[in-house]
Amino acid sequence: MAFICRFAPSPTGPLHIGGVRTALFNWLLAKKNKGKFYLRIEDTDKERSKDEFKKQIIESLSWVGIKHDDKEFIQSKNINKHKEIAEELLKKGFAYKCYCSEEEIKEQKAKCKKQGIPYVYNRKWRDHKDLKIPKDIKPVIRFKSKTSGNTIIKDLVQGDINVSNSIIEDFVILRQDGSPTYQLSATVDDHSMKISHVIRGDDHKINTFKQKQIYEAMKWDIPQFAHIPLIHSEKGSKLSKRDKSSTIDDYVKIGVLPDALRNYLLRLGWAYKDKEIFSLDESIKLFDLNGVGKSPSKLDMSRILSLNEHYIKNMDEKILFGFLKKYAQNYKKSISSSKEETIIKSLNFLKNKAKTLDDIYQNSQYILNEDIKIAAEDIKLIDANSKKIIDEFLGEFKNMSSPNKEDLEKLVNSLINKHKTNFKGIGQPLRIALVGSRFGPGIYNVILSLTKDEVVKRISKIN
RNA sequence: GGUCCCAUCGUCUAACGGUUAGGACAGAUGGUUUUCAAUCAUCUAAUCGGGGUUCGAUUCCCCGUGGGACCGCCA
């Protein structure tokens with residue numbers, strides 16, 4: 001059986017990471033089964049659809065490594081086909097024209113609310129018996145839903161979902177202005193794209209019962225459905241577009257790696273035994289719908305960060321630098337090419353102190369910024385005695401033809417002995433002079449990552 | 001309010017009738033270290049409540065409670 005999956009977002013707002021995860025699951029399932037994964041932009045809401053969002057969606061997906069097959073489908077381009085199907089449903093008696101005015105519908109809803117009963121369109125025009133067709137109202141087309149019995153959807157994640165048909169109203173398939181609604185467009189497109197598996201958010205569950213009836217009326221094959229639970233914010237509330245850390249960009253700008261976020265999203269609501277780290281290949285091989293949980297999960301930033309830390313530590317330094325360079329370019333100051341080599345060489349110790357690219361960037365400031373500024377509280381830590389010690393260090397250091405760790409260690413140890421101090425007594429003032437802070441990488445790493453002249457210059461400045 | 005869905009450490013989850021209920025993140029403590037980190041070791045921490053079914057329930061059933069989704073001429 002062919003696996004043809006799709007992700008069908010509407011470009012009416014930035015794609016949040018819940019959507020990215022839905023796309024990921026679809027993509028994974030398609031890849032696993034050597035099928036297809038399509039991207040369909042559902043832009044039939046002309047008012048709210050924006051090109052910038054479409055761009056953001058495509059960029060977000062490709063950033064985590066999700067590539068769709070073929071060119072993206074643009075739903076609005078298929079509108080005529082949708083209308084044709086609506087006409088066909090009308091002709092075959094599966095749909096009807098409804099001449100209710102907006103006011104009439106509003107009134108009905110108000111009445112229902114007052115009585116505390118759920119609103120379902122009253123199917124007034126379903127059998128238009130002796131109703132007079134009002135001249136001044138353009139009709140909408142509604143689908144004739146089943147009025148009795150039950151429908152069971154066999155959901156690949158949720159199991160059997162049983163709903164009484166009477167609660168599915170005669171939904172609109174063609175608006176007053178003649179444009180198709182989501183229910184129609186999505187169904188027609190899924191059919192014409194030969195979608196075999198529809199994996200989407202839980203919020204679409206009820207739509208399935210409407211769409212299924214269209215498939216049945218048209219005698220089309222019905223795809224398999226899987227509704228995955230939604231992702232909630234850290235606080236447990238619904239993930240809204242206003243939330244910080246809800247779009248991909250929120251993570252990119254703090255320096256999260258694509259693999260880390262992909263891995264995080266994969267494990268959110270899905271598990272494979274005790275495994276936590278999944279390479280791209282492993283996730284394709286191991287992913288399956290059975291492992292998807294049924295309850296919504298909360299976002300956890302510390303976990304994202306810890307995964308990111310893992311990926312940073314295990315990444316080849318040249319590749320990591322590529323990410324860092326781009327990151328600095330986009331969100332900080334570009335790294336000058338004269339510093340590239342030094343940074344790449346230093347990444348092996350820099351990356352051990354970092355959870356994000358931003359951490360690496362901050363920790364490499366002493367390389368990037370030759371003009372280091374020392375915080376007032378740090379400069380206080382260098383007293384007269386430590387000045388004497390590092391001055392002595394400087395004298396010996398100048399004599400080293402090619403500084404290396406062994407010689408530096410020897411020198412430092414001899415100074416420790418001579419001045420009856422400990423490592424901190426010399427390491428701290430040196431670090432402050434060289435890095436501008438009492439926090440930072442190992443002191444030998446710092447010295448060896450800078451040029452000899454630079455070390456001399458910075459230490460001299462202190463005295 | 002109606003309909004549907006869900007429920008294991010703080011969080012993500014494993015255990016698909018029999019485990020001292022496991023792992024990871026976070027947290028705590030200690031070792032190491034050259035500061036911050038990192039690292040290593042150890043620890044704390046959960047089956048929502050009540051009934052059944054069963055020799056035995058986290059697991060199956062019912063009720064309650066809690067949470068979520070949907071209830072648009074949005075998608």
Side-chain angles (χ1 to χ4, degrees), chain A residues 8-13 42-45 47-49 75 98 100 102 105 109 112-113 115-121 138-142 153 155 157-159 161-164 166-169 171-183 185-186 200-207 209 227 229-230 232 234 236-238 264 267-277 290-291 293-307 309 313 349 351-355 359 363 378 381 412 422-428 430-432 435 437-445:
Chain A
S10 68
T12 52
E42 306 218 324
D43 60 342
T44 50
D45 183 342
E47 303 270 303
R48 296 192 300 153
S49 292
Q75 186 160 64
C98 163
C100 285
E102 264 177 72
I105 300 283
K109 281 186 187 170
C112 286
K113 208 172 177 184
Q115 293 179 359
I117 54 172
Y119 165 75
V120 177
Y121 169 68
K138 274 175 103 181
V140 298
I141 295 181
R142 288 181 183 270
I153 300 282
D155 191 286
V157 166
Q158 311 270 343
I161 311 165
N162 190 345
V163 165
S164 159
S166 62
I167 69 150
I168 306 296
E169 69 168 356
F171 53 95
V172 175
I173 54 175
L174 224 54
R175 300 186 185 96
Q176 216 165 24
D177 66 2
S179 64
T181 64
Y182 162 76
Q183 305 294 164
S185 299
R200 60 199 346 181
D202 219 350
D203 48 340
H204 282 291
K205 218 158 43 182
I206 284 295
N207 293 333
F209 292 85
H227 291 93
L230 269 17
H232 291 166
E234 214 139 358
S237 53
K238 189 178 168 178
Y264 174 74
R267 276 289 283 99
L268 195 60
W270 178 82
Y272 178 80
K273 297 181 182 169
D274 276 350
K275 199 169 163 58
E276 299 288 349
I277 304 297
N290 290 341
K294 296 182 178 185
S295 44
S297 33
K298 287 184 194 138
L299 242 30
D300 181 358
M301 189 48 111
S302 65
R303 203 183 174 77
I304 297 175
L305 257 21
S306 120
L307 240 14
E309 187 181 356
K313 286 206 172 98
F349 61 87
K351 72 180 183 182
N352 283 326
K353 325 170 51 71
K355 278 184 156 56
D359 290 344
N363 280 322
D378 285 334
L381 292 170
V412 167
N422 55 16
F423 193 94
K424 196 177 169 189
I426 171 158
Q428 188 171 72
L430 270 181
R431 181 177 293 105
I432 292 172
V435 178
S437 162
R438 77 201 122 106
F439 309 126
I443 196 66
Y444 298 129
N445 281 332

- Verify side chain to side chain contact (heavy atoms under 4.5 Å, CB included) between A:Tyr444 and A:Val412, making sure each step is shown before the conclusion. CA-CA 10 Å; A:Tyr444 298 129; A:Val412 167; 3.7 Å; yes
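- Listed candidates were B:U35, B:A75, B:U13. Nearest to the side chain of A:Arg431 is B:U35.
- The partner of B:G1 is B:C71, judged by Watson-Crick or G-U wobble contacts that both fall below 3.5 Å.
- Using a distance-only test at 3.5 Å, with no hydrogens or angles considered, no donor-acceptor pair links the side chain of A:Tyr264 to the main chain of A:Met301.
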Protein-nucleotides 42-46 of chain B N/O pairs under 3.5 Å:
none

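- Here the straight-line distance linking atom NZ of A:Lys355 with atom OG of A:Ser302 works out to 9.0 Å at 0.5 Å rounding.
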Identify the pairs formed between an N or O of the protein and an N or O of nucleotides 22-26 of chain B at a distance under 3.5 Å, and give each distance.
{"residue": "B:G22", "atom": "N2", "partner": "A:Asp274", "partner atom": "OD1", "Å": "3.1"}
{"residue": "B:G23", "atom": "N2", "partner": "A:Arg267", "partner atom": "NH2", "Å": "3.3"}
{"residue": "B:G23", "atom": "N2", "partner": "A:Glu276", "partner atom": "OE2", "Å": "3.0"}
{"residue": "B:A24", "atom": "O4'", "partner": "A:Glu276", "partner atom": "OE2", "Å": "3.2"}
{"residue": "B:A24", "atom": "N3", "partner": "A:Arg303", "partner atom": "NH1", "Å": "2.9"}
{"residue": "B:C25", "atom": "O4'", "partner": "A:Arg303", "partner atom": "NH1", "Å": "3.4"}
{"residue": "B:C25", "atom": "O2'", "partner": "A:Ser302", "partner atom": "OG", "Å": "3.3"}

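- In this structure, A:Asp359 has no salt bridge (Lys or Arg N to Asp or Glu O under 4.0 Å) partners at least two apart in sequence or on a different chain.
- Here B:C55 sits opposite B:G18 as a Watson-Crick or G-U wobble pair (both hydrogen-bonding atom distances under 3.5 Å).
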For this session: Apply the test side chain to side chain contact (heavy atoms under 4.5 Å, CB included) to residues A:His204 and A:Tyr182: give CA-CA distance (whole Å), side-chain angles for both, the deciding distance (0.1 Å), then the verdict.
Result: CA-CA 11 Å; A:His204 282 291; A:Tyr182 162 76; 3.1 Å; yes
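- Residues that satisfy the side chain to side chain contact (heavy atoms under 4.5 Å, CB included) test with A:Ile105, not counting sequence neighbours, are A:Cys100, A:Lys109, A:Tyr119, A:Tyr121, A:Arg142.
- Base-pair partner of B:G66: B:C6 (Watson-Crick or G-U wobble, both distances under 3.5 Å).
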Mind listing the N/O atom pairs, protein and nucleotides 27-33 of chain B, below 3.5 Å?
none

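- Checking B:U35, B:C73, B:C12 against every side-chain atom of A:Lys298, the shortest atom distance belongs to B:C12.
- Side-chain atoms of A:Asn363 and base atoms of B:A37 include no donor and acceptor less than 3.5 Å apart.
- For B:U11, neither phosphate oxygen OP1 nor OP2 lies less than 4.0 angstrom from any side-chain nitrogen or oxygen of A:Ser297.
- For the pair A:Leu430/A:Val435, no side-chain contact is recorded, criterion being any heavy-atom separation below 4.5 Å from C-beta on.
- Base pairing of B:A28: its partner is B:U42, meeting the Watson-Crick or G-U wobble criterion (both donor-acceptor distances under 3.5 Å).
- Using Watson-Crick or G-U wobble geometry with both donor-acceptor distances under 3.5 Å, B:U34 finds no partner in any strand shown.
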Give me, pair by pair, the N or O atoms of the protein and of nucleotides 4-8 of chain B that are less than 3.5 Å apart, along with how far apart they are.
{"residue": "B:C5", "atom": "O4'", "partner": "A:Lys205", "partner atom": "NZ", "Å": "3.2"}
{"residue": "B:C5", "atom": "O2'", "partner": "A:Gln158", "partner atom": "OE1", "Å": "2.9"}
{"residue": "B:C6", "atom": "OP1", "partner": "A:Lys294", "partner atom": "NZ", "Å": "3.2"}

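- Here A:Phe423 packs flat against the base of B:U34; its ring centre is closer than 5.5 angstrom to the base's six-membered ring, tilted by less than 30 degrees.
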